[in-house]
Amino acid sequence: MDPVSHPGLAVRALRQLRDGWSIIGTTLLLFLILEMGYRGQAAIRDRLREVRESRIAWSQHPYAGQSWFLGRKDFNNGVVGALGIDSRLDPYRGHWSEPFSSPLFNIDSAGRRLTVQRQSESASRRRVFMFGGSTMFGYDMRDSFTIASSLAAQLEARGLSDSYVLNYGQPGFTITQEVNTLILELARGAVPDVVVFLDGYNDMNQGLRLGAPGRLVVAQQEQQLIALGRRGFWAELIGLGRHSELVSRLGAVATSPESSPKRKEPPEVICRSIGAYYGDMMRSVQALAHERGFHAVFLMQPTLEATRKPLTVWERSIPPLPDTPLIGPCTAIVDSVLRQSPDRGYHSLESIFDRDTSSVFLDQSGHITEAAGARVAAQAADLVEPFLRR
């Protein structure tokens with residue numbers, strides 16, 4: 001039947017199209033109103049929380065009153081405090097930082113956090129590679145006060161002025177990503193004299209959260225990106241909802257811990273597997289060290305949950321994260337496993353701050369102050385100095 005010869009049919013078709021478009025438009029408008037309302041109340045709630053925290057806890061922050069740190073969101077426009085640096089996908093390590101420049105916080109062209117030192121790499125005779133997660137990277141630390149920069153200063157003060165320190169720490173990294181980074185450096189001919197690994201929180205937190213050791217922090221996000229690349233036009237169109245904070249919140253409620261599947265193994269078993277896995281990675285690094293002629297040191301980082309130090313007002317005010325209450329006992333289990341092989345270069349820093357009465361920890365994720373980082377660097381210097389003098 002020809003619509004042109006039957007105007008009534010064409011009119012009905014146009015009305016149906018108009019009605020359908022009106023329904024879609026009205027639905028989208030209602031959704032936008034709900035989305036804007038949700039974002040508005042979330043912004044108000046966050047602001048009220050910030051005001052409350054600023055009155056109660058932020059006045060006790062270890063950096064309170066220091067001009068370079070006006071609050072976590074103000075330091076370098078939130079780059080360090082929120083770990084909001086740009087990163088790219090990396091086929092071997094999951095992600096790697098992009099170059100960044102600011103007065104107090106810099107990432108070089110190779111994606112490494114800047115280490116402030118007087119020696120140049122070309123003029124150095126000894127090189128130290130530093131590996132770890134965001135604590136080694138320098139969370140809420142200025143360039144001159146990262147653990148790597150403090151170590152460089154310590155070595156120079158001890159007469160090892162021809163040493164050069166490279167910081168390969170990356171936010172969220174576990175021992176798996178760090179060893180992959182070391183292998184990549186060795187493959188391109190960069191052989192150090194000593195390598196230092198600072199780990200603990202990320203490996204345990206990921207293992208407890210996912211039920212198995214060795215997983216990458218960004219593994220789930222990468223799988224989501226792969227899945228997105230396989231979607232067709234209509235699936236991608238519907239998938240635009242992932243940019244909605246309201247949809248994300250509803251999804252989080254639907255997949256809350258109460259509704260998610262329980263861990264297959266109890267935390268004690270998982271922690272032992274984490275220790276065994278880390279021990280195997282230590283063994284692999286030591287094999288590489290023996291083959292390529294360098295030395296390896298492994299440090300268990302101190303954490304708020306595992307420390308025995310007297311907590312300050314600030315440290316007591318830090319709210320726990322979902323799995324952090326398990327980090328303390330898990331640290332003891334992992335430490336006991338790793339101590340069974342004393343020849344692999346393992347040292348625990350768990351008790352380094354036990355007698356410290358000042359604020360050391362910035363949060364529940366193992367991040368520490370610049371002064372505490374200098375203490376960790378001093379311990380590292382004690383361990384690497386004999387190797388560098390040989």
Side-chain angles (χ1 to χ4, degrees), residues 50 53-54 58 61-90 93-121 128-156 164-174 177-178 181 185 196-199 201-202 217-218 301-302 314 318 359-378 380:
E50 289 176 6
E53 290 177 349
S54 64
W58 281 104
H61 191 280
Y63 298 152
Q66 298 192 30
S67 59
W68 65 272
F69 188 88
L70 303 177
R72 184 167 299 175
K73 290 188 177 181
D74 295 326
F75 179 39
N76 289 313
N77 296 320
V79 172
V80 178
L83 288 180
I85 62 171
D86 291 330
S87 61
R88 57 179 170 82
L89 287 176
D90 185 276
R93 298 165 290 195
H95 68 278
W96 192 256
S97 296
E98 294 281 18
F100 182 85
S101 179
S102 77
L104 302 175
F105 175 92
N106 292 272
I107 300 174
D108 65 20
S109 59
R112 300 174 304 217
R113 181 71 190 273
L114 176 65
T115 299
V116 178
Q117 51 198 321
R118 295 174 60 182
Q119 182 66 276
S120 66
E121 185 173 9
V128 181
F129 289 0
M130 309 289 284
F131 297 95
S134 52
T135 301
M136 178 62 75
F137 175 80
Y139 178 93
D140 275 357
M141 292 179 175
R142 293 166 287 180
D143 289 335
S144 299
F145 297 91
T146 64
I147 294 174
S149 293
S150 295
L151 176 62
Q154 290 269 352
L155 294 178
E156 182 176 359
Y164 192 77
V165 180
L166 287 162
N167 186 353
Y168 291 94
Q170 293 285 322
F173 263 29
T174 63
Q177 295 157 296
E178 296 158 20
T181 302
E185 292 301 303
V196 178
F197 292 82
L198 179 68
D199 293 297
Y201 178 84
N202 288 345
V217 172
V218 296
Q301 70 183 107
W314 165 258
I318 298 174
S359 292
V360 167
F361 299 100
L362 298 174
D363 53 30
Q364 285 281 4
S365 302
H367 300 130
I368 55 179
T369 64
E370 292 177 341
R375 294 269 302 276
V376 172

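Starting from 1, each residue takes its place in the sequence as its number. Note that the structure is a prediction, hence the values are computed from the model and not measured.
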From CA spacing to verdict: side chain to side chain donor-acceptor pair (under 3.5 Å), N106, S101: CA-CA 5 Å; N106 292 272; S101 179; 3.2 Å; yes

Give a yes or no on whether the backbone of [Y] and the side-chain of [X] come within a donor-acceptor separation of less than 3.5 Å.
X    : Y    : result
S149 : V116 : yes
T181 : Q177 : yes
H95  : Q170 : no
N202 : T174 : no
Q117 : V165 : yes
E98  : G111 : no

Is there a side-chain contact between [X] and [Y] in this structure, where contact means two heavy atoms from C-beta onward sitting under 4.5 Å apart?
X    : Y    : result
I107 : R112 : no
T115 : L166 : no
E370 : R142 : yes
P171 : S87  : no
M130 : I147 : yes

Option passing side-chain contact (heavy atoms from CB on, under 4.5 Å) with T135 (candidates D140, D199, I368, V376):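 For T135, the side-chain contact (heavy atoms from CB on, under 4.5 Å) check succeeds only for I368.
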
CD1-OG distance between I318 and S365, expressed to the nearest 0.5 angstrom: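 The OG atom of S365 is 9.5 Å from CD1 of I318, to the nearest 0.5 Å.
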
From CG (L114) to OG (S144), nearest 0.5 Å: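 The CG atom of L114 sits 8.0 Å away from the OG atom of S144.
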
Whether over 12 other heavy atoms sit under 6.0 Å from R88 CZ: yes

Aromatic ring pairing Y63/W68, orientation class (parallel under 30°, perpendicular over 60°, tilted between):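 Correct class here is tilted.
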
Ring geometry between Y168 and F131 (parallel below 30°, tilted from 30 to 60°, perpendicular above 60°):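 Judged by the thresholds at 30° and 60°, the geometry between F131 and Y168 is parallel.
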
Among T146, D143, N167, side-chain hydrogen bond (donor to acceptor under 3.5 Å, both in side chains) partner for R113: D143

What are the two closest heavy atoms between [X] and [Y], and how far apart are they?
X    : Y    : value
L362 : W314 : O-CZ2, 3.3 Å
G373 : M141 : CA-CE, 4.1 Å
E178 : F173 : OE2-O, 3.6 Å

F137, F361, Y139 screened by ring-ring contact (aromatic ring centres under 6.0 Å, His included) with H367, the one that passes: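 Filter result, single survivor: Y139.
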
